[in-house]
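A short worksheet on the structure shown next.
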Amino acid sequence: MSDRAYQECINPFCRATFSVTEARVSCGTCGSLLDIKYDWSKLPVPKSLAYFEHRWSTKGNDTSGRVDFSGVWRFRELMPFYRTEDDIVTIGEGRTQLQQADLLARQVGMNKGNLFLQYEGLNPSGSFKDNGMPAAFTHARMVGAKRVACASTGNTSASLAMFASLAELQGIVFIGSGKISFGKLSQALDYGALTLQIKGDFDACLRRIRQIAVDVPAMGIYLMNSVNPFRLEGQKSIMYRILEARNWESPDWIIVPGGNLGNCSAFGKAFAELKELGLIKKIPRLAVINAGGANTLNVLVNEHQLTWNKGEVECEKIGKLYAGMDEAHYHPNTVASAIEISRPVNLPKALRAIEVMNGVVREVDDDAILEHRALVARYGFGCEPASGASVAGLRLLLEQQVISPSESVVCILTGHELKDPNVTVKYHTGVDMKSVQDLAPKTEPHGKLSNRPIVVEDDLELIIKAMGGDVSMLKGVKVPQHHSILPVREY
Ligand code: F0G
């Protein structure tokens with residue numbers, strides 16, 4: 001194992017370590033999530049964040065120039081898990097901007113000069129997922145992966161499909177029935193990913209692809225969802241760019257929508273490390289905003305007082321809530337389809353981030369999401385519905401006097417407005433142009449590159465066949481029907 005970078009179980013009662021040359025999505029000892037850890041004493045850590053400024057003038061087609069151009073990898077000393085710069089995968093992602101939003105500030109009741117929007121929709125595939133993919137693809141290349149896959153509400157699949165086509169790997173995406181927006185679906189199809197529409201919701205899709213990645217090794221699947229700890233390394237860079245745009249000074253608050261809770265987890269890790277390295281004075285506070293129709297984190301934190309508690313998470317509370325959801329046949333439902341998730345896989349890491357960043361959690365309803373999405377667009381370039389939740393959450397926290405108008409606040413706008421034009425058109429005209437309820441074709445597509453999605457029941461054998469495998473791959477493999485979303489022991 002490289003002694004400078006390794007994978008470590010987040011469960012403080014386990015702390016098992018694994019080499020970075022392994023592809024894992026959970027701890028082999030206790031089943032908890034994994035972190036990428038570094039022995040900073042053996043690594044060249046910059047003395048101050050201003051060190052990174054020298055990269056602004058270096059871009060070009062040689063390896064270093066390419067890597068410096070990336071808004072993720074120009075901070076590579078803070079995510080040094082790769083062997084050499086030649087390992088690094090980049091498509092020029094992360095060149096996004098922080099915009100001071102005075103007109104919007106006035107509308108929501110913030111003081112002039114204190115509200116900032118971080119436009120992650122300006123990434124190549126149009127969402128913040130492009131920050132995590134280059135890190136995960138770099139790792140996939142390090143371990144020699146050939147097929148990469150994810151379950152997705154849309155943006156992960158678009159980003160995976162784009163990176164997979166450029167890295168010449170086979171991309172496979174599982175999407176749930178009914179909710180994916182056309183913008184995101186069209187990207188996965190266009191970039192050539194094998195697209196399976198599973199009859200179920202996002203949680204069911206993730207359970208299946210995780211099961212196949214772990215229990216059916218013959219399929220050779222490298223999992224790209226945010227349970228992959230390498231992906232979250234890349235997503236830390238969103239925080240570095242915010243600091244960079246603010247002359248390396250932390251804001252008072254970061255506000256982010258919460259779905260599978262990978263992003264907020266990555267933010268907490270970024271700030272914990274920067275503080276440990278003495279590179280920042282102050283850690284900002286975090287606000288994670290759920291949609292009311294997919295509010296697991298809010299319920300657990302605010303109704304059941306669930307906390308990280310130095311790693312002693314009260315798992316019974318989570319188990320009880322999930323059992324109740326099963327019993328009631330509950331499925332999340334929100335206009336912000338990107339965050340329509342009821343069993344967020346990064347829940348323990350999100351609780352840890354809330355502890356590190358003295359965070360709060362809130363939920364906002366669909367009307368508030370729609371109104372604030374429209375407000376962002378009215379005063380600048382827009383965002384998709386899930387991102388509107390950040391600004392709706394800000395308004396709520398101002399009303400509750402948790403945030404004061406004189407504090408500095410950054411709302412993360414996670415995805416581009418054009419990801420979900422149907423919501424926008426419906427908002428303005430009342431006309432519902434879609435919903436992809438059923439992708440079963442009514443007519444045969446006949447483009448030379450037509451890449452039709454395959455509709456398949458939530459059944460392991462049928463899914464393996466649709467992925468080009470055969471059922472003999474399942475022989476002798478112990479395949480549980482359901483793969484616990486809760487890591488085995490602690491959480
Ligand atoms: N905003 C957008 C636009 C998203 O696409 C997502 C997640 C989130 C917020 C939530 O981020 O999961 O890190 O808490 N989209 C995933 C997907 C689930 O499949 O594209 P998170």
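Counting starts at 1 for both ligands and their atoms, in listed order.
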Handout entry: Protein contact of atom 15 (N) of ligand 1 - nearest heavy atom, named by residue and atom, plus distance
Key = Lys129 NZ, 2.9 Å
Practice task
Say whether Ser127 and ligand 1 are in contact under the criterion: heavy-atom distance to a ligand atom below 4.0 Å.
Solution key: no
Handout entry: Heteroatom proximity flag, Glu384 to ligand 1, N/O under 3.5 Å
Key = no
Problem - Contacting atoms of ligand 1, where contact means under 4.0 angstrom from a heavy atom of Ser152 - result: 17 (C), 19 (O), 20 (O)
Exercise for the section: Could you tell me if the ring centre of Tyr222 sits under 6.0 Å from that of His139? Expected result: yes
Problem - Heavy-atom gap Ile341 to ligand 1 smaller than 4.0 Å - result: yes
Practice task
Enumerate the atoms of ligand 1 whose separation from the nearest heavy atom of Gly258 is less than 4.0 angstrom.
Solution key: 14 (O)
Fill in the blank from the handout: Under 4.0 Å from one or more heavy atoms of Gly259, ligand 1 contributes atoms 10 (C), 12 (O), 14 (O), 21 (P)
Practice task
Could you tell me whether some N/O pair between Thr414 and ligand 1 is separated by less than 3.5 angstrom?
Solution key: yes
Practice task
Considering the heavy atoms of Gly262, write down every atom of ligand 1 situated less than 4.0 Å from one of them.
Solution key: 13 (O), 14 (O), 21 (P)
Practice task
Report the residue from Tyr6, Phe230, Tyr38 that forms a ring pair (Phe, Tyr, Trp, His ring centres under 6.0 Å) with Phe81.
Solution key: Phe230
Practice task
Determine, step by step, whether Glu93 and Ser70 satisfy the side chain to side chain donor-acceptor pair (under 3.5 Å) criterion, reporting the C-alpha distance in whole Å, the side-chain angles of both residues, the deciding distance to 0.1 Å, and the verdict.
Solution key: CA-CA 5 Å; Glu93 61 288 320; Ser70 161; 2.6 Å; yes
Problem - Sub-3.5 Å N/O-N/O distance, Phe128 and ligand 1 - result: no
Problem - Geometric N/O contact Thr153 with ligand 1, under 3.5 angstrom - result: yes
Handout entry: Closest non-hydrogen atom pair, His372 against Gly388
Key = CB-O, 3.6 Å
Exercise for the section: Using the salt bridge (Lys or Arg N to Asp or Glu O under 4.0 Å) rule, pick out the option among Arg24, Arg352, Lys236, Lys269 that qualifies with Asp35. Expected result: Arg352
Handout entry: Qualifying residue, where the test is side-chain contact (heavy atoms from CB on, under 4.5 Å) with Val361 and the options are Leu351, Ile354, Leu300, Val299
Key = Ile354
Completion exercise
Heavy-atom proximity to atom 4 (C) of ligand 1, picking from Ala338, Gly121, Pro257, points to Ala338
Exercise for the section: Could you tell me whether the side chains of Asn155 and Gln187 share a donor-acceptor contact shorter than 3.5 Å? Expected result: no
Practice task
Determine, using heavy atoms of Ser226 and all atoms of ligand 1, whether some pair is separated by less than 4.0 Å.
Solution key: no
Problem - Protein contact to atom 5 (O) of ligand 1 [nearest heavy atom, distance to 0.1 Å] - result: Asn155 ND2, 2.8 Å
Exercise for the section: Kindly confirm or rule out an N or O of Asn260 lying under 3.5 angstrom from an N or O of ligand 1. Expected result: yes
Exercise for the section: Return the option from Leu261, Leu160, Val288 holding the heavy atom at the smallest distance from atom 21 (P) of ligand 1. Expected result: Leu261
Fill in the blank from the handout: Looking only at protein heavy atoms, what sits closest to atom 20 (O) of ligand 1 is Thr156 N, 2.8 Å
Practice task
Show which atoms of ligand 1 fall inside a sub-4.0 Å distance from at least one heavy-atom site of Ile339.
Solution key: 8 (C), 9 (C), 10 (C)
Problem - Short side-chain to backbone donor-acceptor contact, Asn290 and Leu297, under 3.5 Å - result: yes
Exercise for the section: Give the atoms of ligand 1, by number and element, whose distance to some non-hydrogen atom of Asn263 is under 4.0 Å. Expected result: 13 (O)
